[in-house]
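Within every chain, numbering begins at 1; the chains are lettered A, B, ... in the order of the sequence lines, protein sequences first and strands thereafter. All values derive from a computational prediction rather than experimental measurement.
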Amino acid sequence: AQKVTQAQTEISVVEKEDVTLDCVYETRDTTYYLFWYKQPPSGELVFLIRRNSFDEQNEISGRYSWNFQKSTSSFNFTITASQVVDSAVYFCALNNNNAGNMLTFGGGTRLMVKP
Amino acid sequence: NAGVTQTPKFQVLKTGQSMTLQCAQDMNHNSMYWYRQDPGMGLRLIYYSASEGTTDKGEVPNGYNVSRLNKREFSLRLESAAPSQTSVYFCASSELFFRGPPMNTEAFFGQGTRLTVV
């Protein structure tokens with residue numbers, strides 16, 4: 001069985017604050033993939049990042065950064081200097097080859113960035 | 001480049017009616033998925049198909065059936081709609097590559113179908 005937990009259901013910050021969205025996952029397999037998606041108010045799902053279980057390097061893309069730690073089964077997402085346009089629901093997801101390529105999502109974190 | 005196309009975008013059903021949600025992808029992906037999204041519940045997997053000819057239950061399969069018609073198409077059927085099936089439904093596809101270390105693409109999503117059962 002695999003599971004993704006996003007304990008923060010809602011976060012509210014003021015523009016320019018940094019914010020970290022937590023993601024904890026469970027899987028029995030050694031090969032898996034982790035993803036973050038953004039769902040803006042318009043409703044579509046926007047892919048942000050993919051990370052495989054063999055690559056624990058952290059990644060930075062502009063104001064976004066991701067911290068993958070296998071020891072704690074976490075894949076956290078940080079937005080630096082948040083902007084109003086970052087307001088959205090963010091989903092963490094886990095894909096497991098050995099489970100027939102099943103893709104499991106966390107419950108999502110709603111981020112509200114106030115001006 | 002269409003990606004994943006879902007139809008219809010909106011639908012209202014009466015309790016007990018049946019309908020089929022259609023999904024097609026043009027990326028030659030093997031894996032396809034159906035999710036439902038409810039307020040505060042995130043995306044829950046209904047059914048998935050790892051490859052053409054196979055389908056498996058996800059987290060919330062009750063009340064639904066699926067058909068992987070061919071590699072491109074994966075449909076979701078509600079045989080007898082219930083108000084509890086009011087939701088937004090998303091279809092998605094992805095691919096797993098085995099050239100070298102296994103590598104999975106991200107899932108590509110359709111625009112969603114907003115279904116209301118009254």
Side-chain angles (χ1 to χ4, degrees), chain A residues 1-10 21 23-27 29-55 59 61 66 75 88-110, chain B residues 3-6 9-10 27 29-61 66 68 74 87-98 100-114:
Chain A
Q2 56 188 42
K3 186 178 177 183
V4 178
T5 302
Q6 294 179 254
Q8 306 148 307
T9 53
E10 273 194 21
L21 310 182
C23 173
V24 174
Y25 62 92
E26 294 174 30
T27 179
D29 289 284
T30 56
T31 301
Y32 52 88
Y33 303 84
L34 295 163
F35 305 84
W36 275 94
Y37 283 84
K38 174 181 180 180
Q39 188 178 42
S42 50
E44 74 273 22
L45 284 144
V46 178
F47 165 73
L48 296 177
I49 190 171
R50 172 186 62 228
R51 177 63 76 225
N52 72 49
S53 52
F54 301 117
D55 182 1
E59 180 150 341
S61 175
W66 291 269
F75 187 42
V89 181
Y90 291 86
F91 292 99
C92 181
L94 168 68
N95 186 292
N96 185 326
N97 299 354
N98 294 331
N101 215 25
M102 188 168 71
L103 178 61
T104 301
F105 280 77
T109 298
R110 180 177 298 279
Chain B
V4 178
T5 304
Q6 279 181 245
K9 286 191 170 51
F10 301 93
M27 295 169 284
H29 287 168
N30 275 301
S31 300
M32 296 186 74
Y33 312 85
W34 276 106
Y35 293 90
R36 60 177 288 173
Q37 184 177 22
D38 303 295
M41 302 287 287
L43 284 154
R44 293 185 292 169
L45 183 64
I46 304 171
Y47 272 92
Y48 67 105
S49 171
S51 60
E52 186 179 355
T54 70
T55 60
D56 286 285
K57 294 179 181 179
E59 184 186 355
V60 289
V66 291
R68 184 73 183 266
F74 188 40
S87 188
V88 179
Y89 291 85
F90 286 97
C91 177
S93 72
S94 71
E95 186 56 71
L96 182 63
F97 295 101
F98 288 98
M103 192 191 77
N104 214 333
T105 67
E106 67 272 28
F108 293 79
F109 284 84
Q111 291 298 303
T113 296
R114 188 172 294 275

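Taken from CD in B/Gln111 to CG in A/Leu45, the straight-line distance is 9.0 Å, to the nearest 0.5 Å. Residue B/Ser94 holds its OG atom at 11.5 Å from CZ of A/Phe47, rounded to the nearest 0.5 Å. Distance check: B/Ser31 OG to A/Asn95 CG gives 7.5 Å after rounding to the nearest 0.5 Å. A/Gln39 contributes atom CD, which lies 9.0 Å from atom CZ of B/Phe109 (distance to the nearest 0.5 angstrom). Distance CZ/A/Phe105 to CZ/B/Phe90: 9.5 Å, rounded to 0.5 Å.
Contact of B/Leu45 with chain A is made through the side chain alone, with heavy-atom distances under 4.5 Å. The part of B/Gln37 that comes within reach of chain A is its side chain, from C-beta onward, which places non-hydrogen atoms under 4.5 angstrom from that chain.
A 6.0 Å sphere centred on CD of A/Gln8 holds more than 12 heavy atoms belonging to other residues, nucleotides or ligands. Shown here is B/Arg44, whose CZ atom has more than 12 heavy atoms of other residues, nucleotides or ligands within 6.0 Å. Around the CZ atom of A/Arg51, the shell of radius 6.0 Å holds more than 12 heavy atoms that belong to other residues, nucleotides or ligands.
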